[in-house]
Trainee: 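Sending over a structure as structure tokens; questions will come in a sec.
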Amino acid sequence: MIPQRLVIVGGVAGGASAAARARRLCESCEITILERGPHVSFANCGLPYFVGGEIVRQDDLLLQTPASLRARFNLDVRVRSEVTSIDRVNRTVHVRDLAAGTEYDLPYDNLILSTGAAPLLPPIPGIERAGHFTVHTVPDVERIRAWIRDCKACHAVIVGGGFIGLEMAEQLVRHGGLGVQLVQSLPQVMGPLDPEMAAWLHRELEGHGVELFLGNPVAAFEDPRPGESARASVVVLADGRRLPADTVVLSLGVRPRVQLARDAGLEIGSRGGIRVSEHLQTSDPNIWAVGDAIEVRDAITGAWSLLALAGPANRQGRLVADNLFGRPAPFKGCWGTSILRVFDLTAGCTGANEKTLRAAGIPHQALHLHPGSHAGYYPGAEPIALKILFAPDTGRLLGAQAVGRDGVDKRLDVLATALQAGMTVDGLAGLELAYAPPFGSAKDPVNLVGMAAQNVRNGEVLTAQWSEVPQYAPPDAMILDVRRREERDKGFIPGSVSIPLDELRSRLGELPKEREILVSCQTGQRAYFACRLLSQHGFRVRNLSGAWRTWDAATRGGRGH
């Protein structure tokens with residue numbers, strides 16, 4: 001039945017999108033948005049850039065206001081209105097007007113929950129001290145800016161190395177002029193990336209003066225001792241080290257806001273989010289849910305997962321309105337496509353990483369490449385660290401990651417599109433993509449990674465990963481470096497033997513046929529050429545995927561204290 005009274009709890013991405021779509025589909029429906037905070041629709045992804053001053057005006061963060069939504073869509077938007085309970089039998093929500101201090105019941109035919117997620121604040125002693133901040137709402141960033149200004153903060157400690165933590169590190173250093181230390185309980189930043197890809201970010205952060213403390217969780221936040229200067233607190237690490245901070249940014253992740261749904265008896269999934277059908281319907285047929293509060297299907301593994309990303313939340317808002325107003329539209333799961341800037345690097349991923357695939361027991365093959373962002377003969381080409389994961393039997397793409405200074409975003413979007421289309425590496429090799437020297441190459445990096453994967457699947461070359469290099473140490477095997485000598489002089493894999501590629505045919509007698517040979521170059525292409533040459537002369541060879549650049553980043557890159 002088409003609803004005549006639609007109530008939406010929560011605005012921002014999912015709720016506001018659902019309301020606007022609902023109005024476009026039904027002019028007569030009464031649509032009410034109840035938002036606990038002061039802003040119904042704001043750009044939460046832009047909050048770090050407001051702290052740093054790249055976004056100058058606070059008003060630029062406010063995408064819509066109650067007045068603009070009423071004028072354009074005839075929506076009844078009530079900010080500072082907290083829904084405290086749901087009466088499923090009588091189909092009403094109980095609302096507390098936080099500004100007026102009054103309470104009332106509001107009836108609904110259908111209810112959409114867009115309650116979002118709350119910053120995760122584990123019970124660490126002292127975590128709620130003054131000078132500690134999360135980055136979740138516009139008032140949050142206003143308080144951060146005021147604290148830094150009023151206390152003349154010089155040094156910040158960021159706890160957490162995800163999107164918000166890294167973006168805040170960049171903003172506080174580059175635009176705020178603060179010294180920054182970043183603490184992460186995991187051994188790497190950016191958990192969605194595999195460790196050898198995250199290592200590029202470690203280098204970039206440390207290159208801009210950010211001190212990293214990885215694999216070292218926070219034990220407590222304490223008052224400064226004599227001789228310690230800290231306007232906020234001293235961050236005490238698990239190993240006992242003490243980091244005085246003028247301000248502390250807590251970016252430890254988020255957890256779905258589900259208490260309202262739980263109290264109403266709605267089904268909560270194993271991951272802690274509201275469980276919904278593929279049409280975004282909860283266990284109550286008159287209640288729907290979208291955004292960070294719900295569990296979604298991982299499109300690669302099929303497992304339930306939590307995904308706090310604005311893109312999926314916006315699409316869910318549109319789809320839930322379609323479903324409500326007679327246009328059945330399933331939500332097909334999430335691929336986790338995401339991207340961020342860390343100083344001069346761009347990093348992103350789509351689909352599954354190796355940890356996820358291993359946990360799910362999904363067979364996969366990894367491949368690394370370092371192609372240029374555009375034609376090498378045109379000025380300004382930058383290498384892209386590119387990694388794909390694919391099914392060995394079918395060649396189906398399972399995931400991709402990329403890090404570089406230029407051209408990362410467009411390759412990632414192509415790979416995300418290919419992933420969602422169910423393409424194989426053969427499809428990547430055959431894609432016809434836009435080419436001119438300032439923008440790409442005749443063989444785009446996406447084509448090249450597809451072709452390299454074809455070579456592996458066709459049996460033209462065997463590969464080894466950076467983590468497997470110790471298995472090829474002499475005397476049981478051999479590591480062959482086919483780079484030019486001037487390249488090798490800048491660093492090499494210990495124990496490797498140097499024979500430049502152009503000298504290889506004339507020096508085959510120096511190589512052992514009784515031992516397996518791992519071949520490396522700078523980025524992987526020349527090693528592939530060498531492997532094809534050597535295999536046809538009877539040698540047992542493997543190509544080091546990603547070659548020196550990947551091995552060096554993974555084993556010798558910035559790794560913190």
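Along the sequence shown, residues carry numbers from 1.
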Trainee: Applying side chain to side chain donor-acceptor pair (under 3.5 Å), which residue pairs with at least one partner in residues 10-25 are found, sequence neighbours left out?
Mentor: Ser17-Asn314, Arg21-Asp322

Trainee: Would you check if the side chain of Arg257 reaches a backbone N or O of Ala117 as a donor-acceptor pair within less than 3.5 Å?
Mentor: yes

Trainee: Please report the closest heavy-atom contact between Ala156 and Leu178, naming both atoms and the distance.
Mentor: CB-CD2, 3.9 Å

Trainee: Side-chain contact, heavy-atom cut-off 4.5 Å: Val93 with Asp105?
Mentor: no

Trainee: Give the minimum heavy-atom separation between Ala18 and Ile112, together with the two atoms involved.
Mentor: CB-CD1, 4.0 Å

Trainee: Between the side chains of Gln171 and Glu54, does any donor sit under 3.5 Å from an acceptor?
Mentor: yes

Trainee: Could you tell me the separation between the NZ atom of Lys410 and the OG atom of Ser373, rounded to the nearest 0.5 Å?
Mentor: 9.0 Å

Trainee: Between atom CD1 of Ile86 and atom OH of Tyr108, what is the distance when rounded to the nearest 0.5 Å?
Mentor: 6.0 Å

Trainee: Roughly how far, to the nearest 0.5 Å, is CD1 of Ile31 from CZ of Phe73?
Mentor: 10.0 Å

Trainee: Main chain of Val79, side chain of Ser81: is a donor-acceptor contact present, judged purely on distance under 3.5 Å?
Mentor: yes

Trainee: Can a donor-acceptor pair be found between the side chains of Gln64 and Ser68 at a distance below 3.5 Å?
Mentor: yes

Trainee: Does atom CZ (Arg72) have a neighbourhood of more than 12 heavy atoms from anything else shown, all under 6.0 Å?
Mentor: no

Trainee: Is it true that a side-chain atom of Thr102 and a backbone atom of Asp97 form a donor plus acceptor pair closer than 3.5 Å?
Mentor: no

Trainee: Donor-acceptor pair, Thr394 side chain versus Arg396 backbone, under 3.5 Å?
Mentor: yes

Trainee: Report the C-alpha separation of Thr424 and Leu397 in whole Å, then their side-chain angles, then the decisive distance to 0.1 Å, and conclude whether the side chain to side chain contact (heavy atoms under 4.5 Å, CB included) test is met.
Mentor: CA-CA 5 Å; Thr424 67; Leu397 187 64; over 6 Å; no

Trainee: Starting at CG of Leu266, measure out to CD1 of Ile268 and round the result to the nearest 0.5 Å.
Mentor: 6.5 Å

Trainee: Just verifying a value: how many Å separate Asp292 CG and Gln316 CD, rounded to the nearest 0.5 Å?
Mentor: 8.5 Å

Trainee: Under a 3.5 Å cutoff, is there a donor and acceptor pairing between the side chains of Asp194 and Gln401?
Mentor: yes

Trainee: Taking the inter-plane angle between the rings of Phe343 and His208 on a 0 to 90° scale, is it parallel (under 30°), tilted (30 to 60°) or perpendicular (over 60°)?
Mentor: parallel

Trainee: Which heavy atom in Val157 sits nearest to a heavy atom in Ala245, and how many Å separate them?
Mentor: CG2-CB, 3.6 Å

Trainee: Does the side chain to side chain contact (heavy atoms under 4.5 Å, CB included) test come out yes or no for Phe42 and Leu47, once each step is laid out?
Mentor: CA-CA 9 Å; Phe42 65 92; Leu47 295 176; 4.3 Å; yes

Trainee: Kindly indicate whether the side chain of Trp200, heavy atoms from C-beta on, has any atom under 4.5 Å from the side chain of Leu345.
Mentor: yes

Trainee: Considering non-hydrogen atoms only, spot the tightest contact between Cys45 and Ala310 and give its length.
Mentor: SG-CB, 4.0 Å

Trainee: Rounded at 0.5 Å granularity, tell me how far CG in Asp76 sits from CZ in Arg5.
Mentor: 13.5 Å

Trainee: Can you check whether Gln4's main-chain N or O pairs, donor with acceptor, with Asp109's side chain at less than 3.5 Å?
Mentor: yes

Trainee: Would you please test Asp140 and Arg143 for salt bridge (charged side-chain N to carboxylate O under 4.0 Å, His left out) and show each step?
Mentor: CA-CA 5 Å; Asp140 287 342; Arg143 286 190 289 269; 2.6 Å; yes

Trainee: Do the side chains of Leu34 and Val95 get nearer than 4.5 Å, heavy atoms only?
Mentor: yes

Trainee: Distance alone, cut at 3.5 Å: any donor-acceptor contact between the side chains of His202 and Gln188?
Mentor: no

Trainee: Under 3.5 Å, is there a donor-acceptor pair between the side chain of Glu295 and the main chain of Ser270?
Mentor: yes

Trainee: Just do the ring pair (Phe, Tyr, Trp, His ring centres under 6.0 Å) check on Phe221 and His132 with the steps written out, would you?
Mentor: CA-CA 10 Å; Phe221 300 95; His132 291 195; 4.7 Å; yes

Trainee: Kindly determine whether Glu204 and Arg341 satisfy salt bridge (charged side-chain N to carboxylate O under 4.0 Å, His left out), including the steps that lead there.
Mentor: CA-CA 11 Å; Glu204 186 73 4; Arg341 185 191 73 193; over 6 Å; no

Trainee: Give a yes or no on this: more than 12 heavy atoms of other residues, nucleotides or ligands lie within 6.0 Å of atom CZ of Arg174.
Mentor: yes

Trainee: Within the structure provided, determine whether Glu103 and His94 are in side-chain contact (heavy-atom separation under 4.5 Å).
Mentor: yes

Trainee: Does some side-chain heavy atom of Leu25 sit less than 4.5 Å from a side-chain heavy atom of Arg327?
Mentor: yes

Trainee: Can you tell if the side chain of Asp444 reaches within under 4.5 Å of the side chain of Tyr435, non-hydrogen atoms only?
Mentor: no

Trainee: Under the side chain to side chain contact (heavy atoms under 4.5 Å, CB included) rule, what do Leu6 and Glu30 come out as? Steps first, then yes or no, please.
Mentor: CA-CA 6 Å; Leu6 175 61; Glu30 296 178 10; over 6 Å; no

Trainee: Are the side chain of His175 and the backbone N or O of Val173 linked by a donor-acceptor pair below 3.5 Å?
Mentor: no

Trainee: Does NZ or CZ of Arg145 lie under 6.0 Å from the centre of the six-membered ring of Phe50, at an angle within 45° of the ring axis?
Mentor: yes

Trainee: Less than 4.5 Å apart, any side-chain heavy atom of Ile164 and any of Pro48?
Mentor: yes

Trainee: Between Gln184 and Gly161 (side chain of the first, backbone of the second, donor and acceptor by atom type, cut-off under 3.5 Å), is there such a pair?
Mentor: yes

Trainee: Within the 4.5 Å heavy-atom criterion, are Pro122 and Leu252 side-chain neighbours or not?
Mentor: yes

Trainee: Would you please test Glu35 and Arg78 for salt bridge (charged side-chain N to carboxylate O under 4.0 Å, His left out) and show each step?
Mentor: CA-CA 6 Å; Glu35 168 59 47; Arg78 307 179 190 182; over 6 Å; no

Trainee: If you apply the rule side chain to side chain contact (heavy atoms under 4.5 Å, CB included), what do you find for Glu354 with Leu357, and how did you get there?
Mentor: CA-CA 5 Å; Glu354 286 203 74; Leu357 294 173; 5.5 Å; no

Trainee: If every non-hydrogen atom of Arg411 is compared with every non-hydrogen atom of Gly440, which pair is closest and at what distance?
Mentor: NH2-CA, 3.7 Å

Trainee: Determine whether a donor-acceptor pair (N or O, by modelled atom type, separation under 3.5 Å) exists between the side chain of Thr417 and the backbone of Asp413.
Mentor: yes

Trainee: Examine distances only and state if a side-chain atom of Asn447 and a backbone atom of Leu431 form a donor-acceptor pair shorter than 3.5 Å.
Mentor: yes

Trainee: Over all heavy atoms of both residues, which pair between Val449 and Leu428 is shortest? Give the atoms and the distance, please.
Mentor: CG1-CD1, 4.3 Å

